[in-house]
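Heads up: numbering here begins at 1 and tracks the sequence.
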Amino acid sequence: MAFELKKIGVGIKTISPGGIKTDFAGRSLDTSSHPVYEKWVEKLYAGFSEDNFTPAEKIAAVVYEAATDGEDTLRYVAGDDAKELYSQRLQVGEEQFRKHMEQMFLGN
């Protein structure tokens, strides 16, 4: 879409953040699920630790940079955890990375 819309003067940028330190999990996240899915939900949340997440202000700074830098950059990776995952994705390729993430979080 970025290539198509560039021709009419519309720019597109993608922000790829990692985990963001907020209180979302404490006040808004509803983790109730159907019993059939409980083992997957438990495995999914076991892989998260807010200790590795990036403060929201740092993510916001990347969003601001993308919106105001005047560059033709498509992807902005925000947060150390996101940068690490993106580096892995580039090293192993899209399909292998997707399979690894599926295995890690869902055990498939």
List the atom of [X], the atom of [Y], and the distance in Å for their closest heavy-atom pair.
X     : Y     : answer
Ala82 : Ser16 : CB-O, 3.7 Å
Leu85 : Phe97 : O-CE1, 3.5 Å
Gly79 : Ile59 : N-CD1, 4.2 Å

Handout entry: Pairing of Asp69 and Lys13 as salt bridge, 4.0 angstrom limit
Key =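 So Asp69 pairs with Lys13 through a salt bridge.
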
For [X] and [Y], indicate whether the former's side chain and the latter's backbone hold a donor-acceptor pair under 3.5 Å.
X     : Y     : value
Lys21 : Thr54 : no
Ser87 : Lys83 : no
Asp81 : Phe53 : no

Is it possible for you to say whether [X] and [Y] belong to one hydrophobic cluster, with membership spreading through side-chain heavy-atom contacts below 4.5 Å?
X      : Y     : answer
Met1   : Ile8  : yes
Met101 : Val92 : yes
Tyr64  : Tyr76 : no

Practice task
State, yes or no, whether a side-chain contact exists between Asp72 and Lys6 at a heavy-atom distance under 4.5 Å.
Solution key: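 Yes, close enough: below the 4.5 Å cut-off.
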
Problem - Heavy-atom check, side chain of Tyr86 versus side chain of Arg89, under 4.5 Å - result: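 Counting from C-beta outward, Tyr86 and Arg89 do come under 4.5 Å.
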
Exercise for the section: Give a yes-or-no answer on whether the side chains of Arg75 and Thr14 include a donor-acceptor pair shorter than 3.5 Å. Expected result: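 Distance-only check fails for Arg75 and Thr14.
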
Practice task
Verify salt bridge (charged side-chain N to carboxylate O under 4.0 Å, His left out) between Glu102 and Lys99, making sure each step is shown before the conclusion.
Solution key: CA-CA 5 Å; Glu102 183 177 345; Lys99 288 176 185 176; over 6 Å; no

Exercise for the section: Rounded to the nearest 0.5 Å, what's the gap from CD1 on Ile12 to CD on Glu4? Could you check? Expected result: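 Separation between the atoms: 8.5 Å.
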
